[in-house]
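Keep in mind that the numbers below use all heavy atoms, side chains included, and drop hydrogens, waters and symmetry copies. Numbers for residues simply follow the sequence, beginning at 1.
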Amino acid sequence: MEVDDVSVREQLFHNKVRETFICVLLFTCLYILSYVILTHFKKNADYITTDDIEDATVNKIVLWLCTFTLSVAVCAVLLLPISILSNEVLLTFPHSYYMQWLNGSLIHGLWNLVFLFSNLSLVFLMPFAYFFTESEGFVGCKKGVMARVYETAVVLLLLTLLVLGMVWVGVALLNNTARESLYDMWECYLPYLYSAISLFGVLLLLLCTPFGLSRMFSVTGSLLVKPRLLENVEVEMNCAAFEEASLSRKLNSGSTSCRITVNVEPLRMQFLSVQAKRIALEMRRRASPWQRNLFYPLAMLLLLALTVVCVLMVCFHVLELLFDDAAMPRGMGDPRLGTASFSMFGSLGAAVQVVLILYLMVSSVVGFYSSPLFTFLLPHTQDTNLTQIIGNCVSLLVLSSALPVFSRTLGITRFDLLGDFGRYNWLGNFHIVFLYNILFAGLTSACLINTLTWTVQRELIRAFGLHKLPLTVSRTTIPLKLLLANGLSKIQ
């Protein structure tokens, strides 16, 4: 009997070591990827050309903290796809020797680690990184990195006490009770704080994702070559080349003459704009017919299909919420992977769920950076300072950590939330979940209809050459006969 107990303990120890090794390996790969991404956008002057060794050390430490936060955000995005695909793999190969490492304990531990690190980054690491960059040390103390660390720690401690005090007052006002013990703070106040952070992230996704779904069409269209619809690219490229040559001569004459130096800067901006237009037209002319006439329509149809499927799944989930209590998002203590598929269509439905989850995340990021409130955070290659990097890491972590709750609340997947992700207080409120689904379906439908109608109108106006009309002529007052006559003349 003792031999059996020893063998069981050894087996559990080996499983724990294996799961730890897999998590460390996954996080190391994501950390390297995040570091490459941040070094691609960071401003080199903050890290290389800094003369002060102290500032250079601070910048490197802040970069490491931002890299850790970004890697946690990427891991949070991959939580649901990894969990869904792991379940399908175990269903396909239930007795495979090479799949023994893939089990519910590994997935559950991964969810707990992501929850822990995401809250650690949001509450401590990113505020510490921001205050660390702004700190200079206390007055009268010896200057150095440790002096800035002490000042940052004191400021962060005061901020933590302020936030906990506000949460304590809010809970006391809601429940009409005041809890005083440290255990009650751990069991009551911190879950309220986590629920507030998750609710903010889910609301941010509600605002950014519908707008991002509509913006995906224009962003994808700018990356692909559009088909030639009643357009003569050769004529437009020749006009752009002539205009570019004319502006170039004006710039050359302006640099040698002192009388027109005031107009050099506007001419330079206009020259760069015309040059970019001419390069884009050359790319369109060199594109193959397959690239022009096949890739662009297929990409637009794929985006439209994914968006429509998302809206239909949310509408179906609204009906499920009215008649089935199991449709409500809830936590799952012990994940029993490999027992049943989380989609009624099997492995194909699970693959569609993974694609939709990643598509919603990309759309939310596009909508976030396209919003007028957050355009100042948009990173630029080799020209993003430390404050912008910290803001981007915090924003991406808020969006990604709310993605599992967001996907489960909308019914994109039936995979229940694991670990502390399922302990949020507002998840059990039917009215919040139902209203959230209605708002998402309505906002997405409105943004999609608005985007499609305006896109079709803009492309028709551009194809018929009406975008070249002077601003004093209203395009809405153009008769239909003139529009058709102009189009037929171009076809002929």
Check whether Ser34 reaches the backbone of Ser71 with its side chain - one donor and one acceptor, N or O, closer than 3.5 Å.
yes
Side chains of Phe374 and Ser395 in contact at under 4.5 Å (non-hydrogen atoms):
no
Determine whether the aromatic ring centres of residues Phe128 and Phe124 are separated by less than 6.0 angstrom.
no
Please verify the inter-ring angle class for Phe430 with Phe434; under 30° counts as parallel, over 60° as perpendicular, anything in between as tilted.
parallel
Approximate separation, where rounding is to 0.5 Å, of Thr409 OG1 and His317 NE2:
8.0 Å
State the CZ-CG distance between Phe323 and Leu319, to the nearest 0.5 angstrom.
6.5 Å
Check: Asn87 side chain, Ser83 main-chain N or O, donor-acceptor pair, under 3.5 Å
no
Side chain Thr384, main chain His380, donor-acceptor under 3.5 Å
yes
Do any pairs count as a salt bridge (Lys or Arg N to Asp or Glu O under 4.0 Å) and have a residue in residues 362-388, sequence neighbours left out, and if so which ones?
Lys43-Asp383
Taking the side chain as every heavy atom from C-beta outward, state whether Met313 and Cys310 have any pair of such atoms under 4.5 Å apart.
no
Taking the six-membered ring for Trp and the single ring otherwise, decide whether the centroids of Phe440 and Phe406 are under 6.0 Å apart.
yes
Centroid-to-centroid, Tyr369 to Phe376, below 6.0 Å?
no
Can you sort out the partners of Gln382 under side chain to side chain contact (heavy atoms under 4.5 Å, CB included), two or more places apart, ordered by chain and number?
Asn44
For Thr375 against Ser371, the heavy-atom pair lying closest together:
CG2-O, 2.9 Å
Separation between CD1 (Ile438) and CG (Leu321), nearest 0.5 Å, reads 9.0 Å
Please tabulate, for the side chains in residues 204-217, all donor-acceptor contacts under 3.5 angstrom to protein atoms that are two or more places apart in sequence or on a different chain.
unit_1 : atom_1 : unit_2 : atom_2 : d
Thr209 : OG1    : Leu205 : O      : 2.7
Ser214 : OG     : Phe211 : O      : 2.7
Arg215 : NE     : Ser370 : OG     : 3.4
Arg215 : NH1    : Ser218 : OG     : 3.3

Side chain to side chain contact (heavy atoms under 4.5 Å, CB included) for Leu410 and Tyr436? Distances and angles first, verdict last.
CA-CA 8 Å; Leu410 295 179; Tyr436 190 88; 3.8 Å; yes
Is a donor on one side and an acceptor on the other found under 3.5 Å between the side chain of Tyr35 and the backbone of Trp64?
no
One should read off an interatomic distance between Leu110 CG and Cys23 SG, to the nearest 0.5 angstrom, of 5.5 Å
All side chain to side chain contact (heavy atoms under 4.5 Å, CB included) counterparts of Ala299, not counting sequence neighbours:
Thr220, Leu224
Which side-chain N or O atoms in residues 75-82 pair as donor and acceptor under 3.5 Å with protein atoms at least two apart or in another chain?
none

How would you list, by chain and number, every residue that makes a side chain to side chain contact (heavy atoms under 4.5 Å, CB included) with Leu38, sequence neighbours excluded?
Leu63, Cys66, Thr67, Leu70, Ile389, Cys393
Going by heavy atoms in the side chains, are Phe316 and Leu312 under 4.5 Å from each other?
no
Just so I know, are the side chains of Val394 and Leu122 near enough to count as touching, which here means a heavy-atom distance under 4.5 Å?
yes
Just how far is it from atom CG of Asn119 to atom CG of Leu116, taken to the nearest 0.5 Å?
7.5 Å
Please check: side-chain N/O of Ser121 versus main-chain N/O of Ser118, any donor-acceptor pairing under 3.5 Å?
no
Give the minimum heavy-atom separation between Leu106 and Glu19, together with the two atoms involved.
N-OE2, 3.7 Å
CG on Leu358 to CD on Gln353, rounded to 0.5 Å:
12.0 Å
Distance-only, no hydrogens or angles: does the Thr444 side chain make a donor-acceptor pair with backbone N or O of Ala441 under 3.5 Å?
no
Whether the Tyr359 and Thr307 side chains hold a donor-acceptor pair (N or O, under 3.5 Å, no angle test) is what I'd like checked.
yes
Any side-chain heavy atom of Leu396 sitting closer than 4.5 Å to one from Phe368?
no
Check this for me: Phe131, atom CZ, are more than 12 non-hydrogen atoms of other residues, nucleotides or ligands nearer than 6.0 Å?
yes
Before you tell me yes or no, could you show the steps for Asn112 and His108 under side chain to side chain contact (heavy atoms under 4.5 Å, CB included), namely the whole-Å CA-CA distance, both residues' side-chain angles and the distance that decides it to 0.1 Å?
CA-CA 6 Å; Asn112 288 332; His108 195 193; 3.8 Å; yes
Any side-chain to backbone donor/acceptor pair from Thr39 onto Val36? Under 3.5 Å, distance only.
yes
Does atom OH of Tyr130 have more than 12 heavy-atom neighbours from other groups under 6.0 Å away?
no
Give me the atom names and distance for the closest heavy-atom approach of Asn437 to Val433.
ND2-O, 2.6 Å
Polar side-chain atom of Asn392 near backbone of Gln388 as donor-acceptor pair, under 3.5 Å:
yes
